[in-house]
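Please read all numbers here as calculations on a predicted model, not as lab measurements.
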Amino acid sequence: MTTQLSPDATIPLTVNGDARAVAPGTTVAALLASLDLDARLVVVEHNRVILRDRELLPAITLAPGDVLEIVHFVGGG
Amino acid sequence: MTGTLVPQAGTALDPFVIGGRSFASRLMVGTGKYRSNDEMVRAITASGAEVVTVAVRRVNLDRSKEEGVLHHLDPSRFFLLANTAGCYTVEDTLRYARLARAAGFNEWVKLEVIGDQESLLPDAHGTIEATRILAAEGFMVMAYTNDDLISALRLEDAGAVAVMPLASPIGSGLGMLNPYAIRTIKHRLSVPIIVDAGVGTASDACVVMEQGVDGILMNTALAAAQDPVRMAHAMRLAVEAGRDAWLAGRMPRREVAVPSSPTTGLLG
């Protein structure tokens with residue numbers, strides 16, 4: 001749905017069910033920053049692997065076809 | 001009268017310990033369905049709860065700042081207990097529990113495997129299986145279940161640190177439908193019993209605690225009250241009153257009247 005408008009956004013991803021694209025070399029940490037998300041308040045699942053160690057987020061480069069789920073805590077009982 | 005002669009429930013004289021961790025309040029509350037985040041925070045504060053439950057959901061990438069509960073609740077003030085609400089399969093439940101743990105606050109999970117969309121009643125088989133797997137992974141599992149003794153026993157055997165039988169269906173506000181079943185579960189299990197779901201008003205909470213259970217978890221009873229903050233205060237008092245009444249030991253029920261005043265010394 002929402003696609004990055006930058007001309008070098010050539011890496012297609014699925015983020016929370018929506019199609020997106022990022023520039024080559026974009027890391028998980030950079031993706032979160034571009035979405036204005038605080039990495040300390042979200043959890044990322046990358047191709048069904050939960051990224052428990054937040055220090056690794058800047059080290060993981062996104063590849064074409066990657067599927068990401070970005071979750072957080074919401075009100076619940 | 002001085003109140004200091006009576007040991008207060010919820011203090012060192014009446015410790016509330018689950019899985020080796022001591023908790024300050026026997027009332028645990030959810031964070032869902034409030035009319036506003038401000039009202040939620042004020043109600044939770046009035047409830048005196050230490051444990052607050054939260055759910056795991058996708059970030060809405062268009063308006064994330066308004067949805068995350070941690071933008072409103074200080075995680076250093078409360079013990080965050082993530083639930084697996086909305087999960088209908090063991091696989092989904094494990095995924096949500098692991099995502100919640102990766103948030104980095106603690107290893108605890110309020111495990112729910114729902115068996116039916118209409119009644120929201122728990123799938124006991126699935127809950128037992130998920131409990132076994134997560135307990136082996138080091139999770140502290142508090143398992144939501146039916147008011148069924150056998151399921152409760154199996155959950156304890158599977159490694160749950162607390163078992164959470166329902167008073168009545170989630171969000172129903174019907175109060176405790178089967179006090180005998182709740183008492184039986186409490187009597188037979190060694191782990192703490194936290195009644196979860198179904199409490200509608202303060203008297204419901206008080207009666208639940210009078211069964212001798214260790215605590216109560218509620219959400220809708222506060223969030224859907226006309227005045228959630230006042231109801232939260234009422235629930236705090238009700239849980240303490242019910243706990244104290246249980247510790248005090250009630251008088252025997254009698255089918256006949258017994259006079260409270262002397263039957264001698266009456267005027268001739």
Side-chain angles (χ1 to χ4, degrees), chain A residues 1-6 9 11-23 26-60 62 64-77, chain B residues 28-34 36-37 40-41 44 52-73 75 80-86 94-105 110 112 120 144 170-171 196-197 217-224:
Chain A
M1 192 183 80
T2 313
T3 305
Q4 309 290 56
L5 295 177
S6 165
I11 307 294
L13 310 170
T14 302
V15 183
N16 286 5
D18 289 340
R20 283 180 181 260
V22 295
T26 301
T27 65
V28 174
L31 174 69
L32 293 181
S34 75
L35 294 168
D36 199 21
L37 293 172
D38 182 342
R40 294 166 302 176
L41 296 181
V42 300
V43 175
V44 181
E45 189 192 69
H46 180 220
N47 297 332
R48 299 290 288 211
V49 175
I50 297 169
L51 307 180
R52 279 188 79 178
D53 185 352
R54 291 194 173 95
E55 292 185 4
L56 294 180
L57 299 181
I60 299 170
L62 296 166
D66 279 0
V67 177
L68 294 117
E69 293 287 351
I70 307 173
V71 302
H72 63 167
F73 286 147
V74 301
Chain B
M28 307 179 177
V29 298
T31 55
K33 297 194 285 191
Y34 282 93
S36 71
N37 288 310
M40 172 191 74
V41 172
I44 292 173
V52 299
T53 60
V54 293
V56 177
R57 290 293 180 272
R58 274 179 173 169
V59 171
N60 181 337
L61 297 178
D62 297 324
R63 42 194 300 275
S64 59
K65 288 277 194 278
E66 294 145 48
E67 286 187 324
V69 74
L70 298 186
H71 292 291
H72 310 284
L73 273 186
L80 296 179
L81 177 62
N83 68 30
T84 60
L94 300 177
R95 188 182 185 196
Y96 276 67
R98 291 164 181 158
L99 283 165
R101 178 162 70 172
F105 292 99
K110 194 194 94 165
E112 298 182 33
L120 297 179
Y144 170 65
I170 293 171
D196 178 12
L217 196 157
M218 64 179 72
N219 186 345
T220 310
L222 305 187

Checklist line | Segment of I70(A) engaging chain B (4.5 angstrom heavy-atom cut-off) | finding: both
Check: With only heavy atoms counted, which part of V42(A) is less than 4.5 Å from chain B, the side chain, the backbone, both or neither?
Finding: side chain
Check: Between T26(A) and L13(A), is any pair of side-chain heavy atoms under 4.5 Å apart?
Finding: no
As an exercise: rank [options] by heavy-atom pairs under 4.5 Å with chain A and give me the winner.
options: L73(B), T53(B), V52(B); result: T53(B)
options: M40(B), R101(B), K33(B); result: R101(B)
options: V56(B), V69(B), N219(B), L70(B); result: V69(B)
options: K110(B), R98(B), R95(B), E112(B); result: R95(B)
options: N83(B), I170(B), L81(B); result: N83(B)

Notebook entry, point to check: Mind checking what makes salt bridge (Lys or Arg N to Asp or Glu O under 4.0 Å) contact with R57(B), not counting sequence neighbours?
Noted result: none
Starting at [atom1] of [X], measure out to [atom2] of [Y] and round the result to the nearest 0.5 Å.
X: L31(A); Y: H46(A); atom1: CG; atom2: NE2; value: 9.5 Å
X: L68(A); Y: R48(A); atom1: CG; atom2: CZ; value: 12.5 Å
X: L62(A); Y: R20(A); atom1: CG; atom2: CZ; value: 12.0 Å

Notebook entry, point to check: So, for F73(A) and A100(B), which heavy atoms are closest and what is the spacing to 0.1 Å?
Noted result: CZ-O, 3.8 Å
Item checked: Residue pair N47(A) / G65(A): nearest heavy atoms and the distance that separates them -> OD1-O, 4.5 Å
Next item on the list: May I ask you to name which of N16(A), I50(A), D53(A) has the most heavy-atom pairs under 4.5 Å with chain B?
Entry: N16(A)
Check: For A223(B), is it the side chain, the backbone, both or neither that has a heavy atom under 4.5 Å from a heavy atom of chain A?
Finding: neither
Next item on the list: Please look at F105(B) and chain A and tell me whether the side chain, the backbone, both or neither of the residue comes under 4.5 angstrom of a heavy atom of that chain.
Entry: side chain
